[in-house]
Amino acid sequence: MSHTAQGWPIGAAVLQIDLDPGTAAANTDYLLRPLDAAAELGTTVVRAGLHRPLTGAQRRAVWFWHEPGGADPAGDERTWAPAVERLRTAGLRARELGLRLSLEMYEDTCLGTPESAVRLVREIGLPNVGINPDIGNPVRPHRPVPAWEEPLRPVLPYINYWHIKNCYRDFDPATGSCFTVPGPVEGGVIDYRLALELALAAGFDGPICTEHYGGDGLGVSARNRGYLRRVLAVKPPAVAAARAGAGQDRTEGVRP
């Protein structure tokens, strides 16, 4: 959604790393090579994720989150230390190339909670390394989950790129059963009008990527783009006015 001064869209390359100790060298090399390619292509942000490839059961499911996948929980120091080391190496290379590195929040990984995501970024300790608060991920599992604001608010100062998607969610307290299906950004359980206001107020100025699963993904993404454009046409001026009124005008660099 953000654009350069020339009007061309800002891109975001995507790469995935596996924390399997047996493939550490190969994974680190794979993490670094796309950074060089991204810089050559004029991309400004590279998104890295720590979630593992889908299992066979996940690939056969109607929606892959119906089945459990691989996990690298934040409390497992065997994977935590390598994650910090490899991502710091990537962050340093990205800094040399003038790139931002954005780490995607994803359930059951070292980036699975806002606390662990913030801890990871702080331990990496580089200003160009931030968080992609893909809050659609922690909201969709078929189990009790926190309200969408809870994974977002703690990471607001660290956002530098954003995957935005939504889902419809139902929970039956009598049986404990949960059910989620993808939905348009405007229609799901996450209130993105408020979420964008919170992020802009915290200084977010990065690109946005809309996501959707199933059906006419291109059509839903176009609808999502239209919604974001309508909201962002009014939110940055409103945030700027609020900051100016409080003597904290920091909106420079926020682009609709």
Side-chain angles (χ1 to χ4, degrees), residues 1-2 10 12 43-51 74-75 80 83-92 94-95 98-107 109-139 145-166 185 190-211 228 231-232 234-256:
M1 291 299 297
S2 296
I10 294 176
T43 294
T44 60
V45 180
V46 173
R47 190 278 294 172
L50 295 175
H51 33 298
W80 182 268
V84 173
E85 178 185 357
R86 295 177 202 173
L87 291 171
R88 182 184 293 123
T89 299
L92 288 168
R95 186 173 66 180
L99 299 173
R100 297 180 184 182
L101 183 65
S102 190
L103 310 181
E104 180 178 346
M105 293 178 66
Y106 198 99
E107 66 272 20
T109 72
C110 294
L111 291 155
T113 68
E115 294 79 15
S116 64
V118 169
R119 177 192 167 195
L120 191 63
V121 168
R122 290 177 66 88
E123 289 192 17
I124 292 168
L126 297 171
N128 66 313
V129 178
I131 294 173
N132 166 15
D134 191 343
I135 52 178
N137 291 336
V139 166
V145 299
W148 66 264
E149 299 99 323
E150 294 185 35
L152 178 63
R153 289 183 182 272
V155 305
L156 287 172
Y158 304 91
I159 302 175
N160 61 0
Y161 173 57
W162 201 350
H163 283 177
I164 283 184
K165 61 176 176 278
N166 217 334
V185 166
I190 301 170
D191 179 0
Y192 275 106
R193 188 176 298 271
L194 175 57
L196 286 163
E197 180 178 322
L198 294 172
L200 291 171
F204 172 61
D205 66 350
I208 295 172
C209 171
T210 66
E211 294 186 318
L228 291 171
V231 172
L232 290 172
V234 296
K235 284 297 179 184
V239 170
R243 284 177 175 164
Q248 299 177 346
D249 189 355
R250 298 178 297 146
T251 56
E252 188 175 329
V254 176
R255 302 181 294 273

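As the structure is a prediction and not an experimental result, all values here were calculated from the model.
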Taking every non-hydrogen atom, the tightest pair across P133 and W162: O-NE1, 3.1 Å
Nearest atoms (heavy-atom pairs only) where L101 meets A90: CD2-CB, 4.0 Å
pair L152-I190: side-chain heavy atoms closer than 4.5 Å: no
Close side-chain approach of W148 and D191, heavy atoms under 4.5 Å: yes
ring-ring contact (aromatic ring centres under 6.0 Å, His included) partners of Y192, counting only residues at least two apart: none
Contacts of [X] that satisfy side-chain contact (heavy atoms from CB on, under 4.5 Å) - sequence neighbours left out:
{"X": "D134", "answer": "E104, N132, N137, H163, K165, E211"}
{"X": "L126", "answer": "R88, L92, R95, I124, N128, V129"}
{"X": "E149", "answer": "A147, R153"}
{"X": "V121", "answer": "L103, I131, Y158"}

Test applied, side-chain contact (heavy atoms from CB on, under 4.5 Å); reference residue, I135; option that passes from P114, P151, P146: P151
Inter- and intrachain pairs under salt bridge (Lys or Arg N to Asp or Glu O under 4.0 Å), touching residues 121-132, at least two apart: R119-E123
Main-chain N/O of N160 paired to S102 side chain as donor or acceptor, under 3.5 Å: no
Point-to-point distance, once rounded to the nearest 0.5 Å, from CG of L200 to CD1 of I159: 9.5 Å
Rounded distance (nearest 0.5 Å) linking atom CD1 of I164 with atom SG of C209: 9.5 Å
side-chain contact (heavy atoms from CB on, under 4.5 Å) assessment of W80 paired with L120: CA-CA 8 Å; W80 182 268; L120 191 63; 3.7 Å; yes
